[in-house]
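Before any comments, here is the structure.
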Amino acid sequence: MKGLTPAFLAALMFFLHGCGGSSSTTTPPVSTPGNTQPTELEGSWRKACSPADPLDPDTHYDIITLTFVGDEFFSDIENYDDSGCTIPLAISPNPTASGTFVLGDLITATDGTEAREIDTHIDTYDGAPFIIDDYVIYRIDADTLYLADESGSYDGSIPQLRPQTLDYTRPYIRQ
């Protein structure tokens, strides 16, 4: 299915969403399930129009909005045929997903910057039950959110395969 690219799944599995903090150099409280307190992710984040899978020459383009509220996240992905994101993709229009997340420890990413672990649990995809867990990292720098690079063998599918590298090519901007 064209809509389930690695970048799409990364977006789904990652808060795919948030606002309300500043920089990852601050130390927000580690969250726990059922937490309704805001985290540094609180609010909405948006990734500009870009290739859904930069490694695939036949890829489509997307705009992703991630929203975080308490310990819940929501993603909205707008898919397009063109690089200007003006022609909607007919076969996979605008998938949505939601779930919960838990923030973990601060770590040092492979580039030497500070990042934070995040475990996500997607339970709804396009209004239907959908179960997927993801174990990744993120970094916030001012109003820019960077997610983990899940393109290698460290794909975040289990905690032992949590990526330690950030993807700086597809940032999300706080809205």
Side-chain angles (χ1 to χ4, degrees), residues 3-35 37-47 50-56 62 64-75 77 95 97-125 130-174:
L4 292 177
T5 64
F8 172 81
L9 288 173
L12 281 179
M13 296 182 283
F14 186 88
F15 18 127
L16 316 184
H17 343 350
C19 176
S22 54
S23 168
S24 65
T25 57
T26 62
T27 306
V30 173
S31 61
T32 57
N35 179 24
Q37 297 299 313
T39 67
E40 67 181 343
L41 295 168
E42 190 80 13
S44 292
W45 303 86
R46 186 175 175 97
K47 181 193 70 64
S50 61
D53 183 354
L55 301 177
D56 179 359
D62 62 17
I64 302 173
T65 302
L66 305 176
T67 302
F68 297 89
V69 179
D71 67 346
E72 298 180 309
F73 70 87
F74 308 88
S75 69
I77 302 174
S98 62
T100 57
F101 69 95
V102 175
L103 300 181
D105 295 331
L106 290 172
I107 63 136
T108 300
T110 54
D111 65 0
T113 61
E114 187 177 80
R116 181 171 295 281
E117 296 174 336
I118 183 169
D119 300 346
T120 60
H121 174 76
I122 296 172
D123 54 26
T124 305
Y125 175 75
F130 189 86
I131 304 299
I132 191 164
D133 295 308
D134 198 35
Y135 306 90
V136 296
I137 62 172
Y138 72 93
R139 173 180 172 75
I140 297 175
D141 188 6
D143 286 333
T144 305
L145 169 66
Y146 302 100
L147 302 181
D149 178 356
E150 296 181 77
S151 63
S153 58
Y154 288 89
D155 63 2
S157 57
I158 59 174
Q160 296 80 1
L161 295 179
R162 184 185 305 274
Q164 302 297 300
T165 302
L166 294 161
D167 179 358
Y168 291 104
T169 64
R170 297 177 52 123
Y172 291 76
I173 305 302
R174 188 184 303 275

Could you tell me which non-hydrogen atom of [X] sits nearest to which non-hydrogen atom of [Y], and how far apart they are?
{"X": "T110", "Y": "T165", "value": "OG1-OG1, 3.0 Å"}
{"X": "D62", "Y": "A52", "value": "OD2-CB, 3.6 Å"}
{"X": "I140", "Y": "R174", "value": "CG2-NH2, 4.0 Å"}
{"X": "Y154", "Y": "P163", "value": "O-CG, 3.2 Å"}
{"X": "S157", "Y": "D134", "value": "N-OD1, 4.3 Å"}

Please round to the nearest 0.5 Å and tell me the distance separating atom [atom1] of [X] and atom [atom2] of [Y].
{"X": "D111", "Y": "D149", "atom1": "CG", "atom2": "CG", "result": "11.0 Å"}
{"X": "R139", "Y": "Y168", "atom1": "CZ", "atom2": "OH", "result": "5.5 Å"}
{"X": "D123", "Y": "Y125", "atom1": "CG", "atom2": "OH", "result": "14.5 Å"}
{"X": "R116", "Y": "D105", "atom1": "CZ", "atom2": "CG", "result": "7.5 Å"}
{"X": "L106", "Y": "E114", "atom1": "CG", "atom2": "CD", "result": "4.5 Å"}
{"X": "F73", "Y": "H121", "atom1": "CZ", "atom2": "NE2", "result": "8.5 Å"}

Would you check if [X] and [Y] make a side-chain contact, meaning some heavy-atom pair closer than 4.5 Å?
{"X": "T144", "Y": "I173", "value": "yes"}
{"X": "L41", "Y": "L145", "value": "yes"}
{"X": "D155", "Y": "L161", "value": "yes"}
{"X": "V136", "Y": "E150", "value": "yes"}
{"X": "R46", "Y": "T65", "value": "yes"}
{"X": "Y146", "Y": "T113", "value": "no"}

In sequence, state the C-alpha distance, the side-chain angles, and the governing distance for Y138 and L147, and then conclude on side chain to side chain contact (heavy atoms under 4.5 Å, CB included).
CA-CA 4 Å; Y138 72 93; L147 302 181; 4.2 Å; yes
I122: which of T100, D133, I132, I131 passes side-chain contact (heavy atoms from CB on, under 4.5 Å)
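Going through the options one by one, the only one that passes is I132.
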Using the rule given for side chain to side chain contact (heavy atoms under 4.5 Å, CB included), can you reason through I107 versus R162, listing the C-alpha separation, both sets of side-chain angles and the distance that settles it, and then say yes or no?
CA-CA 11 Å; I107 63 136; R162 184 185 305 274; 5.9 Å; no
